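Whatever order the structure lists them in is the order used to number ligands and atoms, beginning at 1. Being a predicted model, the structure only gives us computed values, none of them experimental.
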Amino acid sequence: MIDSHCHLADDAFVKDLEEVIGRARAAGLTHALCILAADNPVEAERARALAAIWPALRFGIGVHPHQAGQFEGREADVVRVVRAVVGSIPEARAIGEIGLDYHYDFAPKQVQHEVFRLQIRLARELDVPIIVHTREAEDDTLAILREETGGIVRGVMHCFTGSRKLADEALALGMHISFAGIVTFPKGANVRDVAAQIPADRLLCETDSPYLAPTPNRGKRNEPAWVVRVAEDLAALRQVPLEDLRRQTSANFAALFRP
Ligand SMILES: [Zn+2]
C-alpha cells in the first residue's frame with residue numbers, strides 16, 4: 001500500500017512525526033510521496049529529517065497555485081526556486097503539486113497560468129512526472145497541459161474531484177488519476193462514479209493528509225496510515241478484492257514515480 005500524496009512536512013506533523021510514520025509503516029505502507037512547497041524553506045529543511053526517519057519516503061516539489069501570486073512580475077523565478085529545492089533533495093521524484101485553482105483565486109489567473117506552464121517545462125527538462133491540482137479550472141488546465149506537452153503527460157490528477165469529462169481527457173493524455181478520502185464521504189457520489197470507471201492501471205490512492213481525513217475520522221487531522229480507508233472504499237466500489245487494489249495501485253505508483 002502506498003500513499004501517493006501527503007504533506008508530512010506540514011506544521012501539523014511536527015509534534016509526533018515519528019509516531020505518524022510508525023503507524024504508516026505498521027499499516028503496510030511501503031512508500032509515500034510527500035509534497036513540499038518549494039517556496040517554503042522550512043518544509044525543504046524538514047525533508048532531510050523525514051527521509052532519515054523513513055528512507056522509503058519520496059518527494060514532490062513545486063509551487064502550488066495558491067502561492068503563485070508571489071511570483072507576479074517575476075514568474076521566471078519559479079524555475080530557479082523549484083530547481084534549487086529539487087537539486088537539494090536526493091529523494092525528489094516529481095514536480096508538484098502545481099496547477100490552477102479558480103475556487104479560491106488567491107493569485108491572478110495569468111500568473112497561475114505562467115507559473116504552471118514554467119513548472120511543466122521544468123518537469124519535462126528534468127524528466128520527472130507532474131502532480132496536478134485543479135479546481136474549477138478544468139478547461140484551462142487541460143489546454144495548458146496539451147500545449148506544454150504535445151499531448152502526452154507523465155503525471156497524475158491528484159485528489160480528483162472533477163467531471164467525468166476531465167477524467168476522460170486526462171486519461172487520454174496518458175495521466176493517472178488519484179483519489180483521496182472524498183470517496184468515503186456521503187456527498188462523494190460523483191467522485192465515486194468516476195472512480196469506479198478508471199482503468200485499473202491508471203488508479204492511485206492518497207490521503208492528501210493532513211487534510212481530508214476519510215470517514216469515520218472526517219474533520220480530524222488525516223495521516224498516511226488512513227490511506228487504507230480510501231483503498232477499502234475504492235476496492236468496494238470497483239468490486240475488486242482489497243488486496244488486488246493495494247497491489248495494483250502500488251505497481252501504478254512504481255511505474256509513474258520510479259521510487
Ligand atoms: Zn496536496
Side-chain angles (χ1 to χ4, degrees), residues 2-14 17 20-21 24 29 31-40 42-44 46-47 50 57-68 78 82 85-86 89 91-107 112 115-116 119-120 123 128-138 141 155-162 166 170 175-185 188 191 195 203-214 217-227 229-231 249 253 256-257:
I2 292 174
D3 182 357
S4 71
H5 189 115
C6 58
H7 297 263
L8 276 177
D10 191 275
D11 291 345
F13 294 113
V14 167
L17 188 58
V20 168
I21 290 174
L29 273 68
H31 288 284
L33 189 81
C34 173
I35 304 302
L36 300 175
D39 53 312
N40 180 343
V42 175
E43 288 204 354
R46 283 178 191 153
L50 281 160
L57 196 61
R58 297 294 178 264
F59 296 93
I61 293 152
V63 172
H64 193 285
H66 288 169
Q67 310 300 332
V78 78
V82 175
V85 180
V86 169
I89 297 175
E91 301 84 4
R93 292 293 183 279
I95 300 294
E97 53 189 291
I98 60 176
L100 304 177
D101 193 314
Y102 297 170
H103 179 75
Y104 289 107
D105 246 340
F106 287 143
Q112 290 193 41
V115 166
F116 184 30
Q119 292 183 95
I120 296 170
V128 293
I130 56 174
I131 301 151
V132 177
H133 168 110
T134 182
R135 191 156 181 206
E136 294 174 23
E138 295 192 356
T141 300
V156 56
M157 285 289 183
H158 115 85
C159 190
F160 192 85
T161 55
L166 177 66
M175 297 183 77
H176 288 65
I177 312 279
S178 181
F179 294 91
I182 293 166
V183 296
T184 72
F185 296 172
V191 177
L203 187 72
L204 293 172
C205 43
E206 65 173 81
T207 58
D208 206 11
S209 52
Y211 315 107
L212 293 172
N217 290 308
R218 192 171 180 188
K220 295 186 187 160
R221 182 191 68 175
N222 196 3
E223 63 176 65
W226 294 351
V227 75
R229 274 288 303 122
V230 178
T249 52
F253 180 89
L256 179 60
F257 292 108

Original post:
Who pairs with Glu223 by salt bridge (Lys or Arg N to Asp or Glu O under 4.0 Å), at least two apart in sequence or on another chain?
Top reply: Arg23, Arg221

Original post:
Who pairs with Ala24 by side chain to side chain contact (heavy atoms under 4.5 Å, CB included), at least two apart in sequence or on another chain?
Top reply: Leu29, Trp54, Pro224

**OP:** Indicate the ring-plane relationship of Phe253 and His31, choosing parallel, tilted or perpendicular according to the 30° and 60° boundaries.
**Re:** parallel

Original post:
Residues two or more places apart in sequence or in another chain: which of them pass side chain to side chain donor-acceptor pair (under 3.5 Å) with Gln119?
Top reply: none

Original post:
What are the two closest non-hydrogen atoms of Phe179 and Val230, and how far apart are they?
Top reply: O-CG1, 3.6 Å

Subject >> Exercise: identify the closest heavy-atom pair between Arg229 and Pro214 >> reply: CB-CG, 3.8 Å

Subject >> Atoms named by residue and atom, protein N, O or S, within reach of the Zn ion (ligand 1) (under 2.8 Å) >> reply: His5 NE2, His7 NE2, Glu97 OE2, Asp208 OD1

